[in-house]
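Below is one structure, written out as structure tokens; comments come after it.
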Amino acid sequence: MKALSQFRIWKAFAAMNLVVVMQAVTSADFNELFQANWAPDHIATQGDQTVLSLDSSTGCGFESKKKYLFGKAKAQLKLIQGDSAGTVTAFYMASEGPNHDELDFEFLGNVTGEPYIVQTNLYINGTGNREQRHYLWFDPTLDFHAYSFLWNRRSILFLVDDIPIREFSNKEKKGVPYPKSQPMGIHGSLWNADDWATQGGRVKTNWSNAPFEATFQSFEIDACELSPIGADDPRVKCGKSGQFWWDKPVVKEVSKQRKKQLKWIHDNFLIYDYCQDVARFADGIPKECHLE
Ligand SMILES: *[C@@H]1O[C@H](CO)[C@@H](O)[C@H](O)[C@H]1NC(C)=O
Ligand SMILES: *[C@@H]1O[C@H](CO)[C@@H](O)[C@H](O)[C@H]1NC(C)=O
Ligand SMILES: *[C@@H]1O[C@H](CO)[C@@H](O)[C@H](O)[C@H]1NC(C)=O
């Protein structure tokens, strides 16, 4: 008995030390927050900017050193200029393991002068297939624009320049799974996906235009940070409700404004929604699609 309770105290103490809340950490130094996890020689940092490059030999990628459970993660991206057909630039969050959770922004390149597509997706407990595709209301190759995830226990928002383009609400009470217990890393990558990315895979990457370069800058991570992973149950600290700003109830005005913006995006920029893709889901469209 005694040994057990001492163990419990130790566990509680360890949990306190494992969690540090970060307030809007910005990336003066990319290397403080991130590390390359694929082809480091194709990633160059220049001041605040990090340039990912893709050529016929390889793409590349990076991930955060820490993992996060709930909060906001934001980065500014300037996508590949000119011919970017066949390429995908990604900014995403993902946990580890076979039943992983993941939130994606994937930017599907195009031939010169034709529009990029931003594809968003969610994996929950290892299952994805929740793609939406949008055009943007600006040319994402000319300037930096901000892309962010705002994740709490009620919903996940995908934002572009702080305008929500997609909301995934927690419908656990109705039996729809929701990511809430696996801490996620923050990732960026650039790779060749010419089997599917551009005009359904019809347009291939033109390697004579390589290297293809996408630039990331101004990372902001305001999230519940866990380090190291695995030593304790992350829900103990990050899961407690009402502790962080992202857990606070949304004021009515904000939610009204958000609904308006989502509708504007939906009506003007949505080009694909898995929820409408009857042909794709033989057993009927996923449950979350027809629950309010
Ligand atoms: C996750 O998926 C596995 C099967 O792959 C299942 O056994 C488990 O219950 C699921 N967990 C949740 C929380 O739905
Ligand atoms: C590329 O341009 C074509 C023609 O405008 C368009 O149909 C397509 O949606 C664009 N984006 C991608 C990624 O294929
Ligand atoms: C590939 O790019 C080069 C250089 O821009 C161009 O001359 C060539 O026509 C392109 N090839 C195709 C198949 O579009």
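When a ligand or atom number is given, it counts from 1 through the structure's own listing order.
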Using a 4.0 Å heavy-atom cut-off, say whether Leu108 meets ligand 2 through its side chain, its backbone, both or neither.
-> both
From Trp245, Tyr68, Trp246, residue fulfilling side-chain hydrogen bond (donor to acceptor under 3.5 Å, both in side chains) relative to Asp222 | Trp245
Is it true that Tyr135 and Phe269 have ring centroids separated by less than 6.0 Å?
-> no
Enclosure of Lys260 NZ (heavy-atom neighbours >12, cutoff 6.0 Å) = no
Side chain or backbone of Tyr116 under 4.0 Å from ligand 2, or both, or neither, by non-hydrogen atoms?
-> neither
Counting from 1, what ligand 2 atoms have a heavy atom of Pro115 closer than 4.0 Å?
-> 1 (C), 2 (O), 5 (O), 10 (C), 11 (N)
Atoms of ligand 2, numbered as shown, that sit under 4.0 Å from any heavy atom of Ala197 | 13 (C)
Residue Gln199 vicinity, atoms of ligand 2 by number, heavy atom under 4.0 Å | 1 (C), 2 (O), 3 (C), 12 (C), 14 (O)
At a 4.0 Å threshold, what atoms of ligand 2 neighbour a non-hydrogen atom of Gly109?
-> 13 (C)
Evaluate side-chain hydrogen bond (donor to acceptor under 3.5 Å, both in side chains) for Glu131 paired with Gln119, printing each intermediate quantity in order.
-> CA-CA 7 Å; Glu131 295 90 352; Gln119 170 166 291; 4.9 Å; no
Pair Phe216 + Phe30: ring centers closer than 6.0 Å = no
Straight-line distance of Lys259 NZ to Lys256 NZ, nearest 0.5 Å = 11.5 Å
Atom indices of ligand 2, in the order listed, that fall short of 4.0 Å to a heavy atom of Tyr135 | 6 (C), 7 (O), 8 (C), 9 (O)
Heavy-atom cut-off of under 4.0 Å around ligand 3: list whichever protein residues fall inside it, by chain and number.
-> Asn206, Ser208, Asn209
In ligand 2, which numbered atoms sit nearer than 4.0 Å to a non-hydrogen atom of Thr198?
-> 14 (O)
Roughly how far apart are Leu103 CG and His187 NE2, rounded to 0.5 Å?
-> 10.5 Å
Using the ring pair (Phe, Tyr, Trp, His ring centres under 6.0 Å) rule, collect all pairs that involve residues 152-186, keeping only residues at least two apart or in two chains.
-> Phe105-Phe158, Phe149-Phe158
Quick one: do Asp247 and Asn152 satisfy side-chain hydrogen bond (donor to acceptor under 3.5 Å, both in side chains)? Show the steps, please.
-> CA-CA 6 Å; Asp247 281 331; Asn152 62 30; 5.3 Å; no
Look up atom OG1 in Thr205 and atom CG in Asp55, then write down how far apart they are to the nearest 0.5 Å.
-> 11.5 Å
